[in-house]
Amino acid sequence: MRRKYRYKLYYGGRAGGKSYAFADSLLLLGRMKKLRIACMREVQDSIKDSVHKLLSDRISYYGLTDYKISETKIHNRLSGTVIIFKGLREQDAGNIKSLEGIDIVWLEEAQKISKKSWEILDPTIRKAGSEIWISMNREEENDPVWQAVGAHPDERTLVVKVNYTDNPFCPEEMRYLAQKCQRENPEEYEHIWLGAPVAAGSHRLIASGLVRQAFENYLEQTSSPLIIGLDVARFGDDMSVFCFRRGRKCMFFESYRHLDNVEVANRATFFIRQYKPLRLFIDAGGVGGGVVDILNDRGFKRIVRPVMFGAKALADDRYHNRRAEMWDELRLWLGGEQKVQLPENENLAAELCCVNKKYDSRGRLQLEEKEEIKKRLGKSPDMADALALTFAEPVFEMPNENNGYLPPDSLESMFRHNKNVADKW
């Protein structure tokens with residue numbers, strides 16, 4: 001009996017014929033029985049962005065007169081099969097139910113699909129016998145769909161690598177271009193023509209190998225002073241994240257969702273009094289500035305350091321802004337001669353390895369905008385930013401700081417001492 005697959009993932013490099021294979025298979029199955037088929041990609045601004053044209057061309061090539069092609073869908077008049085085209089980014093909780101009766105989903109260019117989009121789609125395709133077909137040219141080790149389906153396939157997952165060398169219909173011109181690339185740039189050849197993830201360091205700031213190695217390392221307890229980085233949530237889906245690091249050991253993270261400034265400040269106050277950090281670096285852009293103000297009023301000004309990601313870098317001749325400087329210090333920490341340790345966390349790995357680098361007109365290191373990262377990941381890189389914040393400034397001295405001390409002239413102190421008066425009001 002033929003095994004029934006839930007996922008069919010075809011990946012590889014350019015000119016492997018993956019899209020043609022899927023298109024022909026869908027058209028053949030659509031003639032045999034009535035199916036509802038959805039062809040999807042991350043973003044589809046117009047029908048031209050979809051595989052509508054490819055399917056239409058294959059219908060014309062084979063002379064399949066039983067298929068009727070309209071501007072928005074393709075319909076088989078004999079079997080009743082309907083093929084629709086959608087962008088995954090459009091599918092939120094309000095309209096995702098329209099996909100529940102789908103028999104086959106074809107995810108094209110799946111390397112561009114965000115983790116959030118995949119987590120919405122996968123459980124929605126629940127009809128008995130339904131399948132998800134995936135075609136992709138891998139971009140990086142942490143492509144969300146690859147991690148979810150291809151990295152550790154089970155018995156109901158078919159993973160097939162298809163390259164131009166496996167395609168008997170590959171044009172000679174494409175073979176010539178592939179061989180030319182192999183001679184002139186072997187690294188690009190591996191990615192473009194053989195489907196390997198993009199080479200570490202080509203455009204990513206942090207190589208995945210550095211992060212994976214830090215996951216495997218184990219360091220004994222250290223006497224290095226504790227430094228905390230706090231990335232404060234700006235929007236509803238973002239999280240406020242505390243990162244706790246002692247020297248070469250990143251110890252753990254604490255993450256919270258939907259906290260206001262006072263609640264974030266309360267958590268920070270608890271951590272200061274409980275763990276007695278030498279420094280607490282806070283992203284003071286946006287709402288984070290309010291958290292800094294509250295903590296300063298509570299007497300923690302000697303510990304708390306506000307950091308503006310867009311501010312001038314300490315080494316202004318090398319970095320476009322503080323954000324690029326902190327992230328590069330994090331990269332150097334991961335890649336240094338001494339071992340470092342990170343808590344093993346796949347979300348952290350994805351965030352650390354997703355940031356693209358570039359250089360400004362003065363040749364200084366610059367990072368892509370957080371909104372671009374959020375589009376790819378489906379969320380903000382809050383954990384990675386919290387870790388990067390622990391590298392905001394060099395920390396050497398061990399001042400005698402009284403953690404938890406409230407100066408008598410602080411608002412909170414006056415409120416506590418005059419509570420009876422306040423209650424009367």
Side-chain angles (χ1 to χ4, degrees), residues 1-12 15-91 94-110 112-113 117-118 120-137 145 149 156-160 162 167-170:
M1 180 177 179
R2 186 177 69 86
R3 176 181 295 169
K4 184 67 176 178
Y5 292 109
R6 161 72 173 178
Y7 309 105
K8 295 179 179 177
L9 189 157
Y10 279 37
Y11 76 104
K18 300 180 292 296
S19 295
Y20 284 95
F22 276 2
D24 290 355
S25 298
L26 287 180
L27 293 174
L28 176 61
L29 289 173
R31 303 183 82 196
M32 297 170 61
K33 58 182 178 179
K34 183 178 180 179
L35 296 172
R36 288 193 65 207
I37 300 171
C39 298
M40 309 189 72
R41 59 190 299 163
E42 178 71 3
V43 177
Q44 181 178 295
D45 294 328
S46 68
I47 202 69
K48 294 179 181 179
D49 296 327
S50 69
V51 292
H52 182 281
K53 185 178 187 307
L54 173 61
L55 289 167
S56 300
D57 289 345
R58 302 306 283 174
I59 289 170
S60 175
Y61 177 80
Y62 290 117
L64 305 179
T65 57
D66 50 335
Y67 277 103
K68 180 182 178 180
I69 302 171
S70 69
E71 290 185 359
T72 59
K73 66 181 180 180
I74 296 175
H75 174 250
N76 190 286
R77 288 175 287 205
L78 298 181
S79 67
T81 288
V82 177
I83 305 175
I84 61 175
F85 306 86
K86 288 183 175 290
L88 266 169
R89 193 76 62 83
E90 307 162 9
Q91 310 308 310
N95 58 20
I96 193 67
K97 290 185 179 296
S98 64
L99 298 174
E100 289 182 357
I102 292 291
D103 296 287
I104 298 175
V105 172
W106 174 11
L107 296 181
E108 52 160 333
E109 296 188 4
K112 297 181 180 179
I113 292 173
S117 294
W118 173 256
I120 291 175
L121 175 72
D122 189 28
T124 302
I125 308 306
R126 64 186 72 173
K127 184 178 179 180
S130 59
E131 298 180 354
I132 299 178
W133 296 11
I134 302 164
S135 57
M136 65 187 301
N137 296 350
V145 173
V149 178
R156 293 195 61 195
T157 303
L158 175 67
V159 179
V160 179
V162 184
N167 181 7
F169 305 103
C170 180

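In what follows, residues are counted from 1 in the order of the sequence shown. Source: prediction; values computed, not measured. FYI, side chains are in, hydrogens and waters are out, and symmetry mates aren't considered; it's all heavy atoms of this structure.
Contact of the E100 side chain with the T124 side chain is registered, since non-hydrogen atoms from C-beta on lie closer than 4.5 Å. Under the 4.5 Å side-chain criterion, counting only non-hydrogen atoms from C-beta, D103 is in contact with K127. Contact check for H75 versus V82: side-chain heavy atoms found under the 4.5 Å cut-off. You'll find the side chain of Y11 stays beyond 4.5 Å of the side chain of I134, heavy atoms only.
In this structure, I69 CD1 and I59 CD1 are separated by 4.0 Å, a value rounded to the nearest 0.5 Å. The distance from the CG atom of L35 to the CD atom of E131 is 9.5 Å, given to the nearest 0.5 Å. Note that OG of S130 and CZ of R6 are 4.5 Å apart. Values are rounded to the nearest 0.5 Å. Once rounded to the nearest 0.5 Å, the distance linking CG of L29 with CG of N76 reads 11.5 Å. Between atom CD1 of residue I102 and atom CE of residue M40 there is a gap of 8.0 Å, rounded to the nearest 0.5 Å. Note that CZ of R126 is 10.5 Å distant from CG of L99, once rounded to the nearest 0.5 Å.
Considering every non-hydrogen atom in both A110 and V145, the closest pair reads O-CG2, 3.8 Å. H52 approaches S70 most closely through the heavy-atom pair NE2-O, 2.8 Å. Taking both residues in full, the closest heavy atoms of G12 and N137 are given as O-OD1, 2.9 Å, listed atom of the first, atom of the second, then distance. Of all heavy-atom pairs spanning I113 and S117, the tightest one is CG2-CB, 4.0 Å. Nearest heavy-atom pair across C39 and L26 is SG-CD1, 4.4 Å.
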Problem set entry | Verdict with supporting geometry, F85 and I74, side chain to side chain contact (heavy atoms under 4.5 Å, CB included) | CA-CA 9 Å; F85 306 86; I74 296 175; 3.9 Å; yes
Problem set entry | Steps toward side chain to side chain donor-acceptor pair (under 3.5 Å) verdict (D122, Y7) | CA-CA 10 Å; D122 189 28; Y7 309 105; 2.9 Å; yes
For this session: Could you walk me through whether T81 and I37 pass the side chain to side chain contact (heavy atoms under 4.5 Å, CB included) test, one step at a time?
Result: CA-CA 8 Å; T81 288; I37 300 171; 4.1 Å; yes
For this session: Please report the C-alpha distance between S19 and L54 in whole Å, then the side-chain angles of each, then the deciding distance to 0.1 Å, and finally whether the side chain to side chain contact (heavy atoms under 4.5 Å, CB included) criterion is met.
Result: CA-CA 8 Å; S19 295; L54 173 61; 3.7 Å; yes
For this session: Could you walk me through whether M136 and L9 pass side chain to side chain contact (heavy atoms under 4.5 Å, CB included), step by step?
Result: CA-CA 8 Å; M136 65 187 301; L9 189 157; 4.2 Å; yes
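Of the charged side-chain nitrogens involved, none lies within less than 4.0 Å of a carboxylate oxygen, so that K18 and E108 do not count as a salt-bridged pair.
The only member of W106, Y5, F22 that meets ring-ring contact (aromatic ring centres under 6.0 Å, His included) when paired with W133 is F22.
Checked by atom type and distance alone, the side chain of S79 pairs as donor or acceptor with a backbone atom of G30 at under 3.5 Å. Counting only distance, with no hydrogens or angles, the side chain of T72 and the backbone of I84 share no donor-acceptor pair below 3.5 Å. Using modelled atom types, one side-chain atom of N167 and one backbone atom of A15 make a donor-acceptor pair closer than 3.5 Å. With hydrogens and angles ignored, the 3.5 Å screen pairs a side-chain donor or acceptor of Y67 with a backbone N or O of L27. A donor-acceptor pair under 3.5 Å is formed between the side chain of S25 and the backbone N or O of A21.
Checked against salt bridge (charged side-chain N to carboxylate O under 4.0 Å, His left out), R36 has no partners two or more places apart in sequence or in another chain.
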